[in-house]
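Report on the structure given below.
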Amino acid sequence: DITIGVLTSGGDAQGMNAAVRAVVRMGIHCGSDVYVIQEGYQGLIEGGDKIHRTKWFDVSGIIELGGTVIGSARCMGFKEREGRRTACLNLIKRSITHLCVIGGDGSLTGANKLREEWTSLVEELHSLNKITVEQKATYKKLHIVGIVGSIDNDFCGTDMTIGADSALHRIVDCVDSIATTAHSHQRTFVLEVMGRNCGYLALCAALSCCADWVLIPESPPEEGWENQMCERLNRAREYGSRLNIIIVAEGAIDRNGNAISADYVKKICTERLNQDTRVTVLGHIQRGGRPSAFDRILGTRMGCEAVLALLDSTDETEAAVIALKGNQMVRIPMMEAVAETQEVGKAIAAKNFARAIELRGRTFNR
Ligand code: ATP
C-alpha cells in the first residue's frame with residue numbers, strides 16, 4: 001500500500017499516454033493509490049489540483065492519443081534547490097513516497113537529484129515548520145523509477161525509447177507522400193529529420209524508404225563526400241530513377257565537426273547536378289499523430305514494469321530506469337545510463353565518433 005506519483009517531463013512522445021495509463025492501472029491493481037502530476041515538474045512545484053488522485057477509468061480512452069494528456073513542461077524552477085524543496089513538500093502533503101518519471105535524460109537527472117537531496121529537504125521543511133515531526137519521521141526516502149520517452153531513440157541501455165517507432169512511421173509516411181510529387185516532377189528532395197546526437201530516425205527512415213543518401217551525427221562522411229553523393233544520385237538517374245531522396249539528421253556534421261545543413265545539401269544538388277531540389281524540414285510533425293501499436297505496447301509494458309520496480313524498491317535500491325533489451329523488460333541503473341547517454345553527445349562534440357558508435361551500438365549494432 002504505497003502511494004505512487006506519475007509525471008511526464010521534457011519533450012512529448014507518442015506512447016507516453018500508454019505508459020501513464022499502465023502506471024495508474026498497475027498501481028491500482030497492486031493496491032496502491034496513484035496520483036497524476038500534470039505539467040511535469042512545473043505541476044509538482046505548483047501543487048494544488050495539478051496533483052490529483054487518479055482512478056481506473058480516469059485513464060480510459062488515452063492510449064490512442066499522441067503527445068501526453070497529462071501535459072509536459074520544461075521547468076527552470078526544478079533546477080533550483082528551492083523548487084525541489086517545494087516539490088518535496090507537495091509530495092509529502094499527499095503521502096507520495098514513490099515517483100515514476102517519464103521523460104528524457106534531463107528529466108531523469110532531475111528526479112535523481114530530488115531523490116538524493118530528499119533527506120536534507122525533509123529536514124529543511126521541518127526546521128521551517130512546514131511539516132510535523134511525525135511527517136519528518138515517516139517520509140525518510142523517495143523511491144523513483146524512470147521510463148524514457150524520446151522520439152529520437154537517443155537513450156543508452158534500451159533498444160527502444162517510447163515514441164521513436166511512431167516518429168519513424170510518421171517520417172516514412174511523409175517520404176512516401178513526397179516521393180509521388182518528386183517522381184512526377186523528377187525532383188530531388190532533402191528531408192531534415194529529428195536527432196541532434198542520434199541518427200536512429202534518419203538511418204531507419206533511409207533504410208525504410210530506399211533513400212539515396214543519409215547523413216547522421218555519429219558517423220560523419222569522409223572528406224569529399226559531396227562528390228560521392230553526386231555520383232550516387234547521378235547513377236540512380238542513369239538507371240531510370242525519376243527522383244532522389246536524401247535524409248539529413250538535424251545534428252548531421254562533417255568529420256571536422258561542422259554542421260551539414262539540408263540547405264547545404266540542396267546547394268550541392270542544384271549547383272553540381274542542376275537538379276530541381278527542394279528541402280522539407282519535418283519538424284514537430286514527427287511528434288504528432290497517433291502512437292503506433294509498438295509504442296502503445298512498449299509504453300504499457302514499461303509502465304507495468306515501473307510499478308513492479310517501485311514495489312520492489314527498498315531504501316538501499318539504486319534508482320532504476322526501465323529498458324527494453326532483446327524484447328525483455330529490464331531494470332538498469334538510472335544514472336549510469338544517463339551518464340552514457342550524455343557521453344554520446346560529448347564524444348560527438350570531441351569528434352570521437354568511434355566512441356559514440358560504441359555507445360550507440362548497444363541499441364543498433366548491425
Ligand atoms: P528531451 O529528451 O525531450 O530533451 P529531457 O527530459 O532531457 O527530454 P530537459 O529539458 O533536459 O528534457 O529536462 C526536462 C526538465 O527536467 C527540465 O525542464 C527541468 O525541470 C528538469 N531537469 C533537467 N535537468 C535537470 C537537472 N540537472 N537538475 C534538476 N532538474 C533538471
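Note that ligands are numbered from 1 as they come in the structure, with each ligand's atoms numbered from 1 the same way. Counting begins at 1 with the first residue of the sequence.
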Protein heavy atom at shortest distance from atom 3 (O) of ligand 1: G11 N, 2.9 Å
Output for pair (I268 CD1, N227 CG), nearest 0.5 Å, gives 8.5 Å
Can you check whether A73 has an N/O within less than 3.5 Å of an N/O in ligand 1? no
Say whether S150 and ligand 1 are in contact under the criterion: heavy-atom distance to a ligand atom below 4.0 Å. no
Just verifying a value: how many Å separate I147 CD1 and S107 OG, rounded to the nearest 0.5 Å? 12.5 Å
Quick one: are L7 and Y41 in side-chain contact, heavy atoms under 4.5 Å? yes
Do any N/O atoms on M76 end up under 3.5 angstrom from N/O atoms on ligand 1? no
For atom 29 (C) of ligand 1, find the nearest protein heavy atom and state the residue, atom name and distance (0.1 Å precision). G110 CA, 3.5 Å
Would you say the side chain of F155 lies within less than 4.5 Å of the side chain of E340, judging by non-hydrogen atoms? no
With distance as the sole test, does T280 use its side chain to make a donor-acceptor pair with the main-chain N or O of L282 at under 3.5 Å? no
When rounded to the nearest 0.5 angstrom, what is the spacing between CZ in R94 and CD1 in I51? 4.0 Å
How far does CD of Q275 sit from OG1 of T188, to the nearest 0.5 angstrom? 3.0 Å
Checking contacts here: is it the side chain or the backbone of D105 that comes within 4.0 Å of ligand 1, counting heavy atoms only? Could be both or neither. both
Please identify which atoms of ligand 1 are closer than 4.0 Å to at least one heavy atom of K113. 27 (N), 28 (N)
With atoms numbered from 1 as shown, which atoms in ligand 1 lie under 4.0 angstrom from a non-hydrogen atom of Y41? 16 (O), 20 (O), 21 (C)
Consider every N or O of R84 and every N or O of ligand 1, then say whether any pair is closer than 3.5 Å. no
Enumerate the atoms of ligand 1 whose separation from the nearest heavy atom of S107 is less than 4.0 angstrom. 5 (P), 6 (O), 13 (O), 14 (C), 16 (O)
Do V193 and E250 have side-chain heavy atoms sitting under 4.5 Å apart? no
Please indicate whether any nitrogen or oxygen in K79 is less than 3.5 Å from any nitrogen or oxygen in ligand 1. no
Do me a favour and list the nearest non-hydrogen protein atom to atom 15 (C) of ligand 1 with residue, atom name and distance? S9 OG, 3.6 Å
When you measure from the side chain of S72 to the backbone N and O of G10, does any donor-acceptor pair fall under 3.5 Å? yes
Identify, by atom number and element, the atoms of ligand 1 in contact range of C75, meaning under 4.0 Å from any of its heavy atoms. 17 (C), 18 (O), 19 (C), 20 (O)
Residue, atom and distance of the protein heavy atom nearest atom 10 (O) of ligand 1 read R74 NH1, 2.7 Å
Quick test: of every protein heavy atom, which one is nearest to atom 2 (O) of ligand 1, and how far off is it to 0.1 Å? G104 CA, 3.9 Å
With rounding to the nearest 0.5 angstrom, report the CD to CD1 distance, E46 to I37. 12.5 Å
When you compare ligand 1 with G106, is there at least one nitrogen or oxygen pair between them that comes in under 3.5 angstrom? yes
At less than 4.0 angstrom from any non-hydrogen atom of T109, what atoms of ligand 1 do you find? 27 (N)
Measure from the side-chain N and O atoms of R84 to the backbone N and O of L114, and report whether any donor-acceptor pair falls under 3.5 Å. no
Counting only heavy atoms closer than 4.0 Å, does ligand 1 sit against the backbone of F78, its side chain, both, or neither? both
